[in-house]
Trainee: 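Quick one: the structure is below, questions incoming.
Just so it is clear, the values below take in all heavy atoms, side chains as well, and ignore hydrogens, waters and symmetry mates. Residues take their numbers from the sequence shown, with the count starting at 1.
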Amino acid sequence: MRGITKIFPGVVANDRVDFSVRKGEIHALLGENGAGKSTLMNVLSGIYKPTDGEIILRGEPVSFQSPRDALSHKIGMIHQHFRLVKAFTVTENIMLGARVSALLNRKKMDKDVVSLAERYNMPVDPQARIWQLSVGERQRVEILKALYRKA
């Protein structure tokens with residue numbers, strides 16, 4: 001991200017911010033409330049369009065029209081405030097919005113979720129309802145959702 005600026009009416013949320021990430025790196029953005037951390041990540045993940053600046057991916061400028069567009073470039077976001085449907089199961093939340101067959105095979109989907117969770121050592125019960133889970137388990141579901149989409 002080069003020179004990212006995001007302006008909302010009466011508020012400059014990001015002012016010429018540069019941010020670089022390489023494959024396999026993990027970064028933490030730290031700052032006070034209102035510092036612009038979430039706004040910057042919302043720009044990177046396609047939720048917001050920058051007012052100015054550019055996103056460079058593999059040496060080429062890109063412009064994301066939506067989070068799905070960013071995901072097509074393997075960029076996803078794990079939100080601070082969970083975006084899960086509490087009445088749905090773990091599997092339903094992970095599959096929600098993903099491009100899956102119209103002929104959904106529930107047992108296969110649960111098996112895929114368990115396999116993914118085991119691969120990353122993040123055990124979850126695929127049939128548990130989100131409202132039944134602890135905060136830590138909900139965070140795992142958010143991470144697995146991004147991993148399932150290959151972000």
Side-chain angles (χ1 to χ4, degrees), residues 1-100 109 112-114 116-151:
M1 302 177 83
R2 287 193 203 148
I4 298 294
T5 298
K6 179 62 182 172
I7 300 173
F8 297 103
V11 177
V12 177
N14 297 130
D15 187 12
R16 298 181 308 271
V17 177
D18 295 334
F19 181 66
S20 296
V21 179
R22 290 192 171 96
K23 183 178 180 176
E25 290 183 337
I26 298 171
H27 293 258
L29 297 180
L30 303 174
E32 296 180 26
N33 289 342
K37 305 174 300 291
S38 293
T39 299
L40 186 66
M41 292 301 97
N42 284 330
V43 168
L44 180 60
S45 64
I47 293 172
Y48 297 152
K49 290 189 72 108
T51 305
D52 196 15
E54 60 185 351
I55 299 171
I56 308 293
L57 186 61
R58 294 177 198 90
E60 300 293 325
V62 293
S63 176
F64 302 134
Q65 305 306 310
S66 68
R68 185 175 299 272
D69 193 16
L71 269 172
S72 74
H73 289 86
K74 301 189 184 260
I75 295 174
M77 182 168 164
I78 298 161
H79 297 271
Q80 175 181 355
H81 301 288
F82 305 136
R83 295 187 172 200
L84 301 170
V85 180
K86 291 181 182 178
F88 284 14
T89 67
V90 167
T91 295
E92 289 167 342
N93 271 277
I94 290 173
M95 300 297 168
L96 187 64
R99 296 181 189 265
V100 293
M109 289 169 36
D112 289 348
V113 167
V114 169
L116 182 69
E118 286 174 353
R119 184 176 335 142
Y120 291 99
N121 196 27
M122 292 190 285
V124 293
D125 174 0
Q127 285 303 305
R129 304 261 171 209
I130 297 302
W131 64 266
Q132 297 172 309
L133 302 179
S134 70
V135 172
E137 290 169 319
R138 291 177 191 193
Q139 186 72 58
R140 271 187 239 149
V141 174
E142 286 283 11
I143 294 167
L144 290 169
K145 192 166 67 170
L147 292 170
Y148 180 81
R149 288 164 175 76
K150 302 195 184 328

Trainee: Over 60° means perpendicular and under 30° means parallel, so tell me whether F19 and H27 are parallel, tilted or perpendicular.
Mentor: perpendicular
Trainee: Do F8 and Y48 have ring centroids that are under 6.0 Å from one another?
Mentor: yes
Trainee: Going through the checks in order, is the side-chain contact (heavy atoms from CB on, under 4.5 Å) test met by V85 and I130?
Mentor: CA-CA 7 Å; V85 180; I130 297 302; over 6 Å; no
Trainee: Any sub-3.5 Å donor-acceptor pair from E137's side-chain atoms to S134's backbone N or O?
Mentor: yes
Trainee: Determine whether a donor-acceptor pair (N or O, by modelled atom type, separation under 3.5 Å) exists between the side chain of R16 and the backbone of G53.
Mentor: no
Trainee: To the nearest 0.5 Å, what is the distance between CD on Q139 and CE on M122?
Mentor: 9.5 Å
Trainee: Step through the shown structure and confirm whether more than 12 heavy atoms of other residues, nucleotides or ligands are within 6.0 Å of NZ on K86.
Mentor: no
Trainee: Using every non-hydrogen atom in the two residues, find where K37 and L30 come nearest and quote the distance to one decimal.
Mentor: CD-C, 3.6 Å
Trainee: How far apart are the closest heavy atoms of S38 and M77, and which atoms are they?
Mentor: O-CE, 4.4 Å
Trainee: Are R129 and E92 ion-paired here, with the side-chain N under 4.0 Å from a carboxylate O?
Mentor: yes
Trainee: Of all the heavy-atom pairs spanning V43 and F64, show the shortest one and how long it is.
Mentor: O-CD1, 4.4 Å
Trainee: As an exercise, state the distance from CD of Q127 to OG1 of T91, rounded to the nearest 0.5 Å.
Mentor: 5.5 Å
Trainee: Keeping Q65 on the side-chain end and G46 on the backbone end, is there a donor-acceptor pair under 3.5 Å?
Mentor: no
Trainee: Determine the minimum heavy-atom distance between A117 and V124, stating which atoms define it.
Mentor: CB-CG2, 4.0 Å
Trainee: Could you tell me whether a side-chain N or O of N14 sits under 3.5 Å from a main-chain N or O of I4, the two making a donor and an acceptor?
Mentor: no
Trainee: Step through the shown structure and confirm whether more than 12 heavy atoms of other residues, nucleotides or ligands are within 6.0 Å of CD on E25.
Mentor: yes
Trainee: Run the numbers on L144 and V141 for side-chain contact (heavy atoms from CB on, under 4.5 Å), then give the verdict.
Mentor: CA-CA 5 Å; L144 290 169; V141 174; 5.6 Å; no
Trainee: Mind listing the closest non-hydrogen atom pair of I7 and T51 along with its distance?
Mentor: N-OG1, 2.8 Å
Trainee: Quick one: pull up CG in L133 and CG in L84 and give me the separation to the nearest 0.5 Å.
Mentor: 8.5 Å
Trainee: Verify side-chain contact (heavy atoms from CB on, under 4.5 Å) between M1 and L44, making sure each step is shown before the conclusion.
Mentor: CA-CA 8 Å; M1 302 177 83; L44 180 60; 3.9 Å; yes
Trainee: Atom CD1 of I55 and atom NZ of K49: how far apart are they, to the nearest 0.5 Å?
Mentor: 9.5 Å
Trainee: Hey, is the main chain of A128 close enough, under 3.5 Å, to the side chain of T89 for a donor-acceptor pair?
Mentor: no
Trainee: If you take all heavy atoms of A13 and T39, which pair is closest and at what distance?
Mentor: CB-CG2, 3.8 Å
Trainee: Report the distance from atom NZ of K6 to atom CG of L40, rounding to the nearest 0.5 Å.
Mentor: 12.0 Å
Trainee: How many angstroms lie between atom CD1 of I75 and atom CG of D69, to the nearest 0.5 angstrom?
Mentor: 9.5 Å
Trainee: Kindly determine whether K145 and M95 satisfy side-chain contact (heavy atoms from CB on, under 4.5 Å), including the steps that lead there.
Mentor: CA-CA 8 Å; K145 192 166 67 170; M95 300 297 168; over 6 Å; no
